[in-house]
Amino acid sequence: MKKGSTIKSTGANNTGAFPKKALLPDLSTAPGYQYPLCEKGKSMKSIFFAVSIIVLALLSSPSFTQAETFECSFIQEKYPSGKPNAASCSMLPEEVYSSRWYTPEKTQHCKIDSVYSYEDLTDFLVDTNMKKAQWVVDFGLTEDAKTTQKAYYIKEGFSKEEAENRVNVKKKTEVYTRIVSHNISKTRIYIDEITGKSLDPPKEIPEHNMILSNINSTYLLYLPEASGHAILMEPTGMADSSWVQIRFGKCRKLK
């Protein structure tokens, strides 16, 4: 090689190895760093997709779409010829409802008593969003029954004042339950209730079938929005028989 001549660099150092690639600083951690528009778009699309999935899940949830509150009452008519709006039915009435004074026919499945002492279900609220139902049971004597019962107490040796106090005693019991099942079906209305004309197609109105439960009892509530004529059933039984208490009342939707 001639003196004074130059050697072109081939990218190798004196050891024959290529120099390490210089590491660029991570600018994304620097204050005020702006992401490229393409990265911003991807990030926003991901967030929008996640939010859309959550919203769709909420809208499709039964508790979200069907959250409603109903007010009901199951009242007995408090006079001799009044409707009790209650009955008790069994497959074995001759065993379940028999007493030392009376045994019903085996074909008489339901027992219906006239209203002497009444038992009303009031302040009855059903909240499908909170999944709970609660009501108050009001106990008392009808006005006609008070006269008879007061005479009985006096005959038994009570003073008139004591007898009067006894017949006017009223009791209240609060009942709290959970809605463990709620099924919604449809009632079809074929005739318009105002005009009397046929509806084509028929109008479809929701009807609710619920199972209410607490530590003591299980209830079945049928609640049609069309008529509001509700039915509350309480099945129970023993080792050798079963029966169901039935109540008839009215409900309306508050919201």
Side-chain angles (χ1 to χ4, degrees), residues 52 54-79 82-89 110 112 115 118-140 170-236 244-255:
S52 299
I54 293 172
V55 170
L56 288 174
L58 287 173
L59 290 175
S60 62
S61 171
S63 62
F64 186 89
T65 59
Q66 300 165 1
E68 296 167 315
T69 302
F70 297 92
E71 179 183 40
C72 307
S73 66
F74 295 83
I75 305 297
Q76 297 186 301
E77 296 180 350
K78 301 169 184 62
Y79 49 90
K83 292 181 179 179
N85 290 324
S88 180
C89 301
C110 294
I112 303 174
V115 184
Y118 65 86
E119 186 178 284
D120 292 340
L121 307 187
T122 61
D123 298 330
F124 199 119
L125 291 175
V126 180
D127 189 332
T128 62
N129 183 40
M130 300 299 293
K131 298 186 183 302
K132 66 179 183 180
Q134 63 187 67
W135 60 88
V136 175
V137 184
D138 290 326
F139 301 91
K170 294 183 179 180
K171 298 180 181 179
K172 292 181 180 289
T173 301
E174 295 180 344
V175 178
Y176 299 91
T177 67
R178 295 180 299 111
I179 302 176
V180 297
S181 176
H182 180 195
N183 180 59
I184 300 177
S185 53
K186 300 287 185 180
T187 299
R188 288 190 174 184
I189 308 298
Y190 294 91
I191 304 296
D192 187 281
E193 61 182 0
I194 303 299
T195 65
K197 296 181 179 179
S198 298
L199 298 175
D200 187 18
K203 183 191 300 184
E204 293 188 339
I205 302 178
E207 57 182 17
H208 305 262
N209 299 272
M210 306 181 197
I211 298 178
L212 318 177
S213 182
N214 58 27
I215 194 172
N216 298 314
S217 303
T218 297
Y219 304 88
L220 310 176
L221 176 63
Y222 170 68
L223 198 164
E225 291 189 24
S227 65
H229 291 174
I231 303 173
L232 182 68
M233 294 170 282
E234 181 185 0
T236 187
V244 58
Q245 301 285 345
I246 306 173
R247 293 178 178 274
F248 302 96
K250 296 206 71 174
C251 295
R252 62 186 174 192
K253 184 164 64 175
L254 297 182
K255 62 179 181 179

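Computed from a predicted structure; not experimentally measured. Positions are given from 1 along the sequence.
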State whether the number of non-hydrogen atoms from other residues, nucleotides or ligands found under 6.0 Å of Met130 atom CE is greater than 12.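 Open: at most 12 neighbouring heavy atoms sit under 6.0 Å from CE of Met130.
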Check this for me, if you would: do Arg188 and Glu204 make a salt bridge, where the nitrogen-to-carboxylate-oxygen distance has to be below 4.0 angstrom?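 Salt bridge flag = yes for Glu204 with Arg188.
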Ion pair check, Asp138 and Lys171, cut-off under 4.0 Å: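 Looking at Asp138 and Lys171, the cut-off is not met.
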Using the rule given for salt bridge (charged side-chain N to carboxylate O under 4.0 Å, His left out), can you reason through Asp127 versus Lys132, listing the C-alpha separation, both sets of side-chain angles and the distance that settles it, and then say yes or no? CA-CA 5 Å; Asp127 189 332; Lys132 66 179 183 180; 5.8 Å; no
Gap between atom [atom2] of [Y] and atom [atom1] of [X] - 0.5 Å precision:
{"X": "Met210", "Y": "Leu223", "atom1": "CE", "atom2": "CG", "result": "5.5 Å"}
{"X": "Ile189", "Y": "Lys203", "atom1": "CD1", "atom2": "NZ", "result": "7.5 Å"}
{"X": "Leu221", "Y": "Arg247", "atom1": "CG", "atom2": "CZ", "result": "13.0 Å"}
{"X": "Glu77", "Y": "Asn85", "atom1": "CD", "atom2": "CG", "result": "6.0 Å"}
{"X": "Glu119", "Y": "Phe139", "atom1": "CD", "atom2": "CZ", "result": "4.0 Å"}
{"X": "Leu232", "Y": "Leu220", "atom1": "CG", "atom2": "CG", "result": "8.0 Å"}

Side chains of [X] and [Y] in contact at under 4.5 Å (non-hydrogen atoms):
{"X": "Asn214", "Y": "Arg178", "value": "no"}
{"X": "Val126", "Y": "Ile179", "value": "yes"}
{"X": "Pro235", "Y": "Thr218", "value": "no"}
{"X": "Val137", "Y": "Asp120", "value": "no"}
{"X": "Val244", "Y": "Thr236", "value": "no"}
{"X": "Asn209", "Y": "Ser185", "value": "yes"}
{"X": "Pro84", "Y": "Ile112", "value": "yes"}
{"X": "Thr128", "Y": "His182", "value": "yes"}

Please report the shortest heavy-atom distance between [X] and [Y], naming the atom on each side.
{"X": "Pro224", "Y": "Ala230", "answer": "CD-CA, 4.3 Å"}
{"X": "Thr187", "Y": "Glu207", "answer": "OG1-OE1, 2.6 Å"}
{"X": "Ala226", "Y": "Ile205", "answer": "N-CG2, 3.7 Å"}

So Ile246 and Ile231, side-chain contact (heavy atoms from CB on, under 4.5 Å) or not? Walk me through it. CA-CA 7 Å; Ile246 306 173; Ile231 303 173; 3.9 Å; yes
Give the C-alpha distance, both sets of side-chain angles, the deciding distance and a yes or no for ring pair (Phe, Tyr, Trp, His ring centres under 6.0 Å) between His208 and Phe70. CA-CA 11 Å; His208 305 262; Phe70 297 92; 4.9 Å; yes
Strictly distance-based, threshold 3.5 Å: is any side-chain N or O of Ser73 a donor or acceptor partner for the main-chain N or O of Ile75?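 No, because the side chain of Ser73 does not come within donor-acceptor range (under 3.5 Å) of the backbone of Ile75.
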Do Lys172 side-chain atoms and Lys170 backbone N/O form a donor-acceptor pair below 3.5 Å?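 The answer is no, because no donor-acceptor pair under 3.5 Å joins these two groups.
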Candidate list Lys186, Arg252, Lys253, Lys250, test salt bridge (Lys or Arg N to Asp or Glu O under 4.0 Å), partner Glu225, passing option: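 The salt bridge (Lys or Arg N to Asp or Glu O under 4.0 Å) with Glu225 is passed solely by Lys253 among Lys186, Arg252, Lys253, Lys250.
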Have a look at Trp135 and tell me which of Thr122, Asp123, Thr177 forms a side chain to side chain contact (heavy atoms under 4.5 Å, CB included) with it.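 That would be Thr177.
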Report the residue from Phe124, Tyr219, Phe248 that forms a ring-ring contact (aromatic ring centres under 6.0 Å, His included) with Phe74.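 Going through Phe124, Tyr219, Phe248 one by one, the ring-ring contact (aromatic ring centres under 6.0 Å, His included) with Phe74 is satisfied by Phe124 alone.
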